[in-house]
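Everything below concerns the one structure shown next.
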Amino acid sequence: MQKLLKSLGPVCAVIGAQWGDEGKGKVIDLLSEHYDTVARACGGANAGHTIVVKGEKHIFHLLPSGALHPHTTVVIGSGLVLHLPTLCEEIRLLKEAGIDVLPRLFISEEAHIVFEFHKAIDVALEEERRKREGKGIGTTGRGIGPAYTDKAARDGTRMQSLKGDMLPILERHAERVRRLYGVTVDSEQELAALAPAQKLLKDRIVDTVRLVQDKLRQGKTILIEGAQASLLDLDHGTYPYVTSSQTTSAGALQGLGIAPRVLTACIGVAKAYCTRVGEGEFLTEETGETGDRLRKRGGEYGSTTGRPRRCGWLSIPDLRRAVMINGFTHWNITKLDVLDEEAQIPVCTEIASDGKAVWKKLPGWKTSTVGITDFLKLPKEAQQYLQFIEKETGVPASLVGTGPGREQMIVK
Ligand code: GDP
Ligand code: IMO
Ligand code: MG
């Protein structure tokens with residue numbers, strides 16, 4: 001671990017390389033033991049990051065996953081859209097588990113609020129799209145798109161406003177939202193939903209850009225927690241089947257207000273196969289029995305919505321593109337153990353001119369890798385599988401997941 005930490009340096013980002021749910025939460029949890037500050041940079045409660053410690057499961061939607069470690073300073077950056085009841089509930093659940101995050105939590109005054117009406121608009125727009133296009137985006141229904149739309153239209157509400165009277169703000173929204181979307185805003189309900197957050201979080205809303213800058217000047221280390229993933233990025237993902245934020249390393253730096261040259265490492269997180277929740281292209285998808293097998297072995301059900309995840313094989317072209325866009329310096333290849341039963345593992349190595357996948361079949365290992373922490377103890381075929389990914393992408397597989405537990409990780 002010490003050698004890896006040295007190669008990561010003081011400012012490291014962890015970014016998903018596929019369509020999300022790669023296992024970012026787990027590696028962040030593992031690394032944040034060694035970092036002073038942990039920070040979420042973008043997205044909202046559409047994220048669901050699962051951490052398993054001693055058999056106990058914690059799911060984070062808005063708080064950074066590194067919050068589990070009591071020494072960490074916990075930052076929610078400017079690029080987020082925050083559904084405050086969800087945030088308060090997360091803080092409460094952690095407290096119940098014996099972890100008091102509030103005194104070390106800092107929320108950007110520039111982050112935006114997701115109101116209940118944003119969720120209603122999200123659902124209404126999905127319905128409208130389904131009627132128009134035959135299918136929706138398959139959003140998480142958490143109001144993410146509408147909240148970012150308001151932000152871009154300069155009609156959003158920043159966290160700063162929570163310190164004052166919210167009623168006039170809500171009344172302005174009510175008029176606008178009714179006119180634009182035909183959605184009714186229940187100001188009383190909105191105020192009731194906000195009240196506990198106003199009380200709990202008022203003193204935690206600060207200038208996080210300055211805070212992070214001060215930390216860096218003091219020589220503190222910072223772990224940046226990406227949410228969603230490269231292929232869901234608003235600019236570089238499979239548009240329009242994407243989320244409404246920038247999910248890349250550049251997006252994370254923007255979301256936190258950190259200059260790009262400060263970043264010392266970027267870990268790309270990719271499953272040893274691939275999954276996707278929601279609609280949109282998925283060239284290497286297996287829809288039949290094979291997909292069901294991967295879903296079952298991988299426990300592939302959404303951490304946020306519980307929806308079954310679509311499953312398929314690894315795509316090298318997608319990984320290469322993610323390396324290019326994010327500047328990955330290290331891989332965390334996760335869920336290698338899910339492939340333990342496969343006799344052969346198909347991998348898409350390129351996309352032909354007709355748009356079809358070109359496949360290479362790699363030999364499986366047909367033996368358990370669960371919990372292995374030493375690369376050399378992996379079956380030869382598993383080692384070769386990882387080496388194949390390294391060779392094809394030019395990035396070392398420095399971390400390899402062999403189970404959901406905090407300890408089930410190979411650190412090279
Ligand atoms: P995230 O959104 O990227 O943080 O990922 P999620 O938490 O949504 O989904 C990843 C799932 O895989 C979670 O249930 C994790 O507990 C689990 N997981 C993470 N790494 C591994 C691994 O190496 N092996 C197995 N079997 N499960 C893993
Ligand atoms: P984490 O951080 C997987 C997907 C949704 C949908 C699309 C748009 O856990 O990896 P949105 O609600 O954002 O407007 O939905 O993006 N999506 C995710 N899929 N993991 C996520 O986050 C996701 N966040 C959004 O399923 O297809
Ligand atoms: Mg997830």
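No hydrogens, no waters, no symmetry mates; every other heavy atom, side chains included, goes into these values. Here, residue 1 is the first one in the sequence, and each next residue gets the next number. When a ligand or atom number is given, it counts from 1 through the structure's own listing order. Keep in mind that this is a model prediction, so the values were computed, not measured.
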Which residue and non-hydrogen atom of the protein lie closest to atom 22 (O) of ligand 2, and at what distance in Å? Gln228 NE2, 3.4 Å
Which atoms of ligand 1 sit under 4.0 Å from any heavy atom of Ser303? 6 (P), 7 (O), 8 (O)
Those atoms of ligand 2 less than 4.0 Å from some heavy atom in Ala47: 1 (P), 2 (O), 9 (O), 22 (O)
Tell me whether Arg295 contacts the main-chain N or O of Arg297 through its side chain, where contact means a donor paired with an acceptor under 3.5 Å. no
Name the closest protein heavy atom to atom 27 (N) of ligand 1, giving the residue it belongs to and the distance to 0.1 Å. Lys335 CE, 3.4 Å
Answer with yes or no whether Arg309 contacts ligand 1, where contact means a heavy atom under 4.0 Å from a ligand atom. yes
Report, in ascending order of atom number, the atoms of ligand 2 lying under 4.0 Å from any heavy atom of Gly138. 5 (C), 6 (C), 26 (O), 27 (O)
The protein heavy atom nearest to atom 15 (C) of ligand 1 is Thr50 CB, 4.1 Å
Regarding Asp318 and Gln18, is there a side-chain donor-to-acceptor distance under 3.5 Å anywhere? no
Show me which atoms of ligand 2 lie under 4.0 Å from any heavy atom of Trp19. 3 (C), 19 (N)
When only distance counts, is Gly25 in polar contact with ligand 1, meaning an N/O pair under 3.5 Å? yes
Looking only at the side chains, is there a donor atom on one of Arg320 and Ser315 sitting less than 3.5 Å from an acceptor on the other? no
Lys/Arg N to Asp/Glu carboxylate O, Arg310 vs Glu285, below 4.0 Å: yes
Atom 2 (O) of ligand 1: the protein heavy-atom neighbour that sits closest, reported with distance to 0.1 Å: Gly48 O, 2.9 Å
Gly16 near ligand 1 by a heavy-atom separation under 4.0 Å: no
So with a 6.0 Å cut-off around CZ of Arg129, is the heavy-atom count from everything else above 12? yes
Just wondering, more than 12 heavy atoms not from Gln198 lying within 6.0 Å of its CD? yes
Give the residue, atom name and distance (to 0.1 Å) of the protein heavy atom nearest atom 7 (C) of ligand 2. Val242 O, 3.9 Å
Under 6.0 Å from the ring centre and within 45 degrees of the ring axis: does the NZ or CZ of Arg204 meet both conditions for the six-membered ring of Phe106? yes
What protein heavy atom sits nearest atom 12 (O) of ligand 2, and how far off is it? Thr140 OG1, 2.6 Å
Is there a donor in the side chain of Thr247 and an acceptor in the side chain of Gln228, or the other way round, less than 3.5 Å apart? no
Give a yes or no on this: more than 12 heavy atoms of other residues, nucleotides or ligands lie within 6.0 Å of atom CD of Glu188. no
Could you establish whether Gly48 and ligand 2 come within less than 4.0 Å of each other, counting only heavy atoms on the residue side? yes
What is the closest protein heavy atom to atom 26 (O) of ligand 2, and at what distance does it sit? Arg307 NH2, 3.0 Å
Ligand 2 atoms in contact with Lys24 (distance to a heavy atom under 4.0 Å): 1 (P), 2 (O), 10 (O)
For atom 20 (N) of ligand 2, grab the closest protein heavy atom and report residue, atom and distance to one decimal in Å. Asp21 OD1, 3.0 Å
Contact check: Asp21 to the Mg ion (ligand 3), N/O/S below 2.8 Å: yes
Is it true that Arg276 lies under 4.0 Å from ligand 2, counting heavy atoms only? no
Quick check: does Gly48 put an N/O/S atom under 2.8 Å from the Mg ion (ligand 3)? yes
Nearest-neighbour protein heavy atom for atom 15 (O) of ligand 2, which is reported as residue plus atom name and distance: Thr139 CA, 3.3 Å
Please evaluate residues Arg293 and Glu289 with respect to the criterion salt bridge (charged side-chain N to carboxylate O under 4.0 Å, His left out), reporting the C-alpha separation (whole Å), side-chain torsions for both, the decisive distance (0.1 Å), and the verdict. CA-CA 6 Å; Arg293 188 171 70 242; Glu289 215 173 87; 5.2 Å; no
Atom 20 (N) of ligand 1: nearest protein contact (heavy atom, Å): Lys26 CD, 3.6 Å
Are Phe282 and Trp19 an aromatic pair by the rule of ring centers under 6.0 Å? yes
In terms of residue, atom name and distance, what is the protein heavy atom nearest to atom 2 (O) of ligand 2? His49 NE2, 2.7 Å
Can Asn326 and Ser230 be counted as having a side-chain donor-acceptor contact under 3.5 angstrom? yes
Between the side chain of Thr369 and the main-chain N/O of Thr402, is any donor-acceptor distance below 3.5 Å? no
Is it true that Thr393 and Trp331 share a donor-acceptor pair across their side chains at a distance under 3.5 Å? yes
Atoms of ligand 1 less than 4.0 Å from Thr402 heavy atoms? 23 (O)
Can you list the ligand 2 atoms lying under 4.0 Å from a non-hydrogen atom of Gly278? 27 (O)
Checking Arg276 against Thr238: is there a side-chain donor and acceptor pair closer than 3.5 Å? yes
Select the closest option to atom 11 (P) of ligand 2 among Thr243, Leu231, Thr305, judged by heavy-atom distance. Thr243
I'd like the name of whichever of Ile137, Leu232, Leu125 reaches closest to atom 17 (N) of ligand 2 through any heavy atom. Leu232
Taking Lys24 for its side chain and His49 for its backbone only, find out whether a donor-acceptor pair lies under 3.5 Å. no
List ligand 1 atoms under 4.0 Å from Gly401, heavy atoms only on the residue side. 23 (O)
Identify the protein heavy atom lying closest to atom 16 (O) of ligand 1, giving its residue, its atom name and the separation to 0.1 Å. Pro404 CB, 3.6 Å
Gly20 to ligand 1, any heavy atom closer than 4.0 Å: no
Atom 10 (C) of ligand 1: nearest protein contact (heavy atom, Å): Asp21 O, 3.6 Å
I need the single residue from Val38, Thr72, Val101 that forms a side-chain contact (heavy atoms from CB on, under 4.5 Å) with Pro64. Which is it? Val38
Of Thr304, Thr243, Thr139, the residue whose pairing with Asn46 passes side chain to side chain donor-acceptor pair (under 3.5 Å): Thr243
Of the protein's non-hydrogen atoms, which lies at the shortest distance from atom 26 (N) of ligand 1, and what is that distance? Asp337 OD2, 2.7 Å
Can you find an N or O of Gly403 that's nearer than 3.5 Å to an N or O of ligand 1? yes
Who's the nearest protein heavy-atom neighbour of atom 27 (O) of ligand 2, and how far? Val277 O, 3.1 Å
Examine distances only and state if a side-chain atom of Gln408 and a backbone atom of Thr373 form a donor-acceptor pair shorter than 3.5 Å. no
